[in-house]
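Atoms within a ligand are numbered from 1 in the order they appear, just like the ligands themselves. This structure is a prediction, so every number in the text was calculated from the model and none was measured.
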Amino acid sequence: MFDAATYIHRRRKLAEKLNGKGIVLLPGHEESPINYAGNVYPFRQDSNFLYFIGLDKPHLAAIIDLDTGTTTLFGDCLGVEDIVWEGPQPTIAELARKSGVEQTATFHQLPEALSQALKAGRQVHYAPPYRGEDKIRMSHWLGIPIAELKDKASEPLIKAIVALRSYKSAIEVAEMEHALEITAEMHVAAMKKARPGLFESDLAGVVEGIALARGGRTAYGTILSINGQTLHNPYHTNKLERGRIVLGDFGAETARHYASDITRVFPVDKTFSSRQKDIYQIVLQAETSAIDACRPGVRYLDVHLLAARIIAEGLKQIGLMKGSIDDAVHEGAHALFFPHGLGHMIGLDVHDMEGLGEQYVGYGDMQRSTQFGTKYLRLARALEPGFVLTVEPGIYFIPELFDLWRSQGKFTEFIHYEQLDHYRNFGGIRIEDNVLITPDGHRVLGPHIPKTIEEVEALRQ
Ligand code: GLY
Ligand code: MN
């Protein structure tokens, strides 16, 4: 964790933004069983708890009293029998000191503290819970039916958290650059190791091992497949066949839990084929132009549409699209090839703060599009200094989607469907970097990770 002053400062800012009476409830996570209580998923603390309290252990909660400005940490000190299994652990008082928290109480005093606040008519601000276990206990503590917990979550708290976590401080940016150093190593290792006959899992094991060996973990499920056209493909079972390309979308999460999210694509062979090069160059141009367009005041929706136009124009040049590019993008025809958003905020969560609601994080007062493709854009609002976001355009050949649109006669004025049969086995290409918005533009975070065709092929020799 960072030093106590960081968390004291963050809690003070939160109280200032809420500028009212009542309490803020910040529940930490519990251990989550895989198949029985004693065999648990790797523990991952809730990101709001990490941001405001910093303590990376299960079975803790905090209440910030907005009237007095004090914070209470709820948790239990371990007895000797627990220590036999779990080793010596800091006391709750020691944990509270690390976070600069003034008061402590046992965990079973938490429901009572909440019910007293409710009886006194005080507002209990809480963020919408997203894990089943949390929903059950929050429902008990607050007397709110599970189905109503989301709607009754505190909008002022959600907005205050978004207003703080959206602007990354220097120590957070440094932490994310550290994540990217590890991620660079992971991508280079995958590019160097790949050869025909290996399985995707051979590469997945190498990259995940590096994240673990550097003291962290992966920030999200590793995507590493020759079937890159499947956007969130979790499987690593295919053999690497000559003629195919591998899409690797993976990144490290540091020990302090800051994420990175990088995508690169490389050929199973030593070089890309000329058809693969053509598509790769279009995606690369879309990515670098989109990055160049990132600066304060620019709406990310407009950067997304810029990338969509570059993709559509490039596909027209190689005979897969036709007609007016502006009209094609306006009507959403490009989404046959680029069916997702250009990117999202990143920080403690890989899709930062998405648990609070994408509208608050990415749109503010803007309306979200309902059009296939653009509706998946998670960040649309005007960029501001301190935002860190991903830029990740792609071109995918999804046979099921082009067969459907073709049978529906959809966008026949923009798509050369008859050409697409040559691309049924192509896969997908996405290129992704993580970008900080600075007062006068942007900075691509982390070390340069091989990205041009020449740089990638150099690692494949
Ligand atoms: N890296 C996966 C995603 O951005 O959804
Ligand atoms: Mn991403």
> Would you call the rings of F2 and Y258 parallel, tilted or perpendicular if under 30° counts as parallel and over 60° as perpendicular?
Replying inline: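 Taking Y258 first and then F2, their aromatic rings sit tilted (interplane angle of 30° to 60°).
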
>> Using the rule given for side chain to side chain donor-acceptor pair (under 3.5 Å), can you reason through D261 versus T390, listing the C-alpha separation, both sets of side-chain angles and the distance that settles it, and then say yes or no?
In response: CA-CA 7 Å; D261 181 1; T390 68; 4.9 Å; no

Counting from 1, what ligand 1 atoms have a heavy atom of [X] closer than 4.0 Å?
X    : value
H351 : 3 (C), 4 (O), 5 (O)
Y220 : 1 (N)
H232 : 2 (C), 3 (C), 5 (O)
H344 : 4 (O)
D249 : 1 (N), 2 (C)

Any side-chain heavy-atom pair of [X] and [Y] under 4.5 Å:
X    : Y    : value
H257 : R44  : yes
K277 : Q281 : no
I282 : I318 : yes
L348 : Y51  : yes
S324 : E413 : no

>> Tell me whether H340 reaches ligand 1 (any heavy atom closer than 4.0 angstrom to a ligand atom).
In response: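 Contact absent.
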
> Of the non-hydrogen atoms in G251 and M186, which two are nearest, and what is the gap between them?
Replying inline: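 Taking G251 first and M186 second, the nearest heavy atoms are C-CE, 4.1 Å.
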
> Is any N or O atom of E432, backbone or side chain, closer than 3.5 Å to an N or O atom of ligand 1?
Replying inline: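 For ligand 1, there is no N or O atom that lies under 3.5 Å from one belonging to E432.
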
> R264 side chain to I449 main-chain N or O, any donor-acceptor pair under 3.5 Å?
Replying inline: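 Here the side-chain-to-backbone pair exists.
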
> Do the side chain of S99 and the main chain of I53 share a donor and acceptor less than 3.5 angstrom apart?
Replying inline: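 Here the side-chain-to-backbone pair exists.
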
> Under 2.8 Å from the Mn ion (ligand 2), how many protein N/O/S atoms can be counted?
Replying inline: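 Those protein atoms number 4 in total.
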
> Which protein non-hydrogen atom lies closest to atom 1 (N) of ligand 1, naming both residue and atom, and how far is it?
Replying inline: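 Nearest neighbour among protein heavy atoms for atom 1 (N) of ligand 1, to 0.1 Å: D261 OD1, 3.0 Å.
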
